[in-house]
Protein chains: 2
Amino acid sequence: MKLITDIYLGDSYEQLQLLPDCSVDLIFTSPPYADQRKTTYGGVQPTVYVEWFLPIAAELLRVLKPSGTFVLNIKEKVVNGERSTYVLELILALRQQGWLWTEEFIWHKKNCYPGKWPNRFRDAWERLLQFNKQRQFSMYQEAVMVPMGDWATGRLKHLSNTDQLRDTSRVGSGFGKKVSNWLTRTQAYPTNVLHLATECSNKQHSAAFPEALPEWFIQLFTQEQDTVLDPFMGSGTTLIVAHRMKRHTIGIDIVPEYCEMVRKKLNETELYLI
Amino acid sequence: MKLITDIYLGDSYEQLQLLPDCSVDLIFTSPPYADQRKTTYGGVQPTVYVEWFLPIAAELLRVLKPSGTFVLNIKEKVVNGERSTYVLELILALRQQGWLWTEEFIWHKKNCYPGKWPNRFRDAWERLLQFNKQRQFSMYQEAVMVPMGDWATGRLKHLSNTDQLRDTSRVGSGFGKKVSNWLTRTQAYPTNVLHLATECSNKQHSAAFPEALPEWFIQLFTQEQDTVLDPFMGSGTTLIVAHRMKRHTIGIDIVPEYCEMVRKKLNETELYLI
DNA sequence: ACTTGCCGTGAATCTGATT
DNA sequence: GAATCAGATTCACGGCAAG
């Protein structure tokens, strides 16, 4: 089956209106952070950030399927020695708008930008805010399981007396319940902290995040043939990864060069896959 | 020189009023989270949490030196499938009160509580919110950079082979990046992400956080003979560590048993030092 | 002193039953 | 009914003891 890849050139709010209701399974995006990237996006001021974002979020709410998920990668910058509060205000405002603030994942940037400041350390993490329309949403946890820790090899191979006894003797939290479930277990569920390095390879167009970041969330929240939307496409990392993972993709960006570049990259991927 | 250790039994708000203005260099505390610790602290409801905390914060603002720092360890729990928003509201309210929200550190809990749920992963991080009275505050970065190998021996260094594997394999299909040298870099230049396990086993008294947590912030924000305050002392981890590090300490708790226990522990430390 | 292996337990969260 | 409770599910670190 052919994968659809739609790239819209233009303002996010306007272009989103072209999309039908309840048609997207996952929105994964990293919007321009306040007061950053002045040259390309005109630099949204922190003071008007929420006001600027809310109409867009309303459209996102409309196009997202009831079972879908919206993941927002964002981090407030330091202004005048203080962390800006626009992200906090945005979360509260989105809830007012009808979104459920389901979870906040932490992206730990393992090789964050080096440097030293007089009263501040290097910023090594970003927020990945998860919003949903409903308390029930699609989530494919098995797709992102990780190997168990080293401890498991020893402990599970040779279950001690206590581990087996706890099944009956201990009440409450513990390891002993349903020991049989564990014997064959080699993988564990991940946590809400993601350890990923930032990509520093492609200097041409610095992506906001490494491919592994959207990849993880696409694995978690979608299946093949689902639709992934990035309303602030930029260099198109989300789209390229999603397309490679056999998801339909929709991208929006106001910069013609980005749209053209992503189209070209997707074509290359297409050829590569064949 | 003799180190002063004051322990006040009683309500935080009331006891704080006994302290003079601008007399504390560092406030490091972990207040009862909303809806937690019901048996010992009565369980403050999320809806009234900000209201409850603000008068205490006003006193903290008064007793803190202009160059001092306030570090608040907190994390919102899940209510009805959503993260509570009272922490976000608290940050905004504290700024209204005059605090500067200088930084947000992340404590990555390496051994977080196990569990599996249909639409959520395990919660593996907590917030460490840094507030200040002024944009200029005391910070001794060298203290946590240089002697890091000393205080962190065996704590941060350990990273198993499987741990390295997990970070890359969790994203599957081969384009995960191999990064295994981040720990050594972390030790050379700290970031705002702290990797620590909770100390939960084989301890007489379970503390809310590991000793390494207050230790790191005490190193960073104070010098010997400075004064450290914990208005929600609990089992006294902050005080014991601070005292061991030759800081004057002030602790407040409403539970008589805790006050008595911490006094006893501090005496033991005293003897040990001699 | 250094490694190896055993094992206790934690600011969890959801579901369904019971006051 | 709303509010509370009990039950089930689930990892991984770090302290000890032993080699």
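Residue numbering restarts at 1 for every chain, and letters A, B, ... go by the order of the sequence lines. Quick caveat, the model's predicted, so the values are computed rather than measured.
Heavy atoms from other residues, nucleotides or ligands lying under 6.0 Å from CD of A:Q136 number 12 at most. Counting non-hydrogen atoms of neighbouring residues, nucleotides and ligands closer than 6.0 angstrom, the NZ atom of B:K116 exceeds 12 such neighbours.
Note: CZ (B:R120) to P (D:dT9) measures 20 Å, nearest angstrom. The distance between atom CD of B:E82 and atom P of C:dT13, rounded to the nearest whole Å, is 14 Å. Across the protein-nucleic acid pair, B:Y113 atom OH and C:dG8 atom P stand 15 Å apart, rounded to whole Å. Put simply, CE on A:M139 is 14 Å from C1' on C:dC14, counting in whole angstrom units. One can place CD of A:E142 at 16 Å from P of D:dT9, the figure rounded to the nearest angstrom. Between the CZ atom of B:F121 and the P atom of C:dC14 there is a distance of 13 Å, given to the nearest Å. Atoms NZ (B:K109) and C1' (D:dA12) sit 13 Å apart, rounded to a whole Å. If you measure from atom CZ of B:R122 to atom P of D:dA8, you get 21 Å, rounded to the nearest angstrom.
Using a 30° and 60° split on the angle between ring planes, A:H108 and A:H195 fall in the perpendicular class, above 60°. Relative orientation of the A:W216 and A:F105 rings is perpendicular, given thresholds of 30° and 60° on the angle between their planes. Under the 30°/60° scheme for interplanar angles, the aromatic rings of A:W99 and A:F131 are found to stand perpendicular.
Side-chain atoms of A:W151 lie closest to D:dA12 of the nucleotides C:dA12, C:dT15, D:dA12. The listed nucleotides are D:dC13, D:dT10, C:dA11; the one nearest the side chain of B:E126 is C:dA11. Considering only the side chain of A:M148, D:dA12 comes nearest among C:dC14, D:dA12, D:dT10.
Contact of the B:W107 side chain with the B:T198 side chain is registered, since non-hydrogen atoms from C-beta on lie closer than 4.5 Å. A:L129 places none of its side-chain heavy atoms less than 4.5 Å from the side chain of A:L94.
Among the protein residues, A:Y189 comes within range of the sugar-phosphate backbone only, with heavy atoms under 4.0 Å from sugar or phosphate atoms but none that close to a base. Within 4.0 Å (heavy atoms only), B:P31 reaches at least one base atom of the nucleic acid.
When the nearest nucleotides of DNA chain D are assigned to B:A197 and A:Q187 by heavy-atom distance, the more 5′-ward of the two goes with A:Q187. Nearest-nucleotide assignment on DNA chain C puts the 5′-proximal partner with B:N111, out of B:K77 and B:N111. Between B:N80 and B:K75, the residue anchored closer to the 5' end of DNA chain C is B:K75, taking for each the nucleotide with the nearest heavy atom.
Paired regions of DNA chain D, where each region holds three or more successive Watson-Crick or G-U pairs whose two hydrogen-bonding distances fall under 3.5 Å, are C:2-10 with D:11-19, C:12-19 with D:2-9.
An OP1 or OP2 oxygen of D:dA12 is reached within less than 4.0 angstrom by no side-chain nitrogen or oxygen of A:R185.
When the C1' atom is used for both C:dA1 and D:dA18, the distance is 14 Å, rounded to whole Å.
Taking 3.5 Å as the limit, the base of C:dA11 and the side chain of B:T198 contain no donor-acceptor pair of atoms between them.
For the pair B:R127 and B:E76, the salt-bridge criterion is met [side-chain N within less than 4.0 Å of a carboxylate O].
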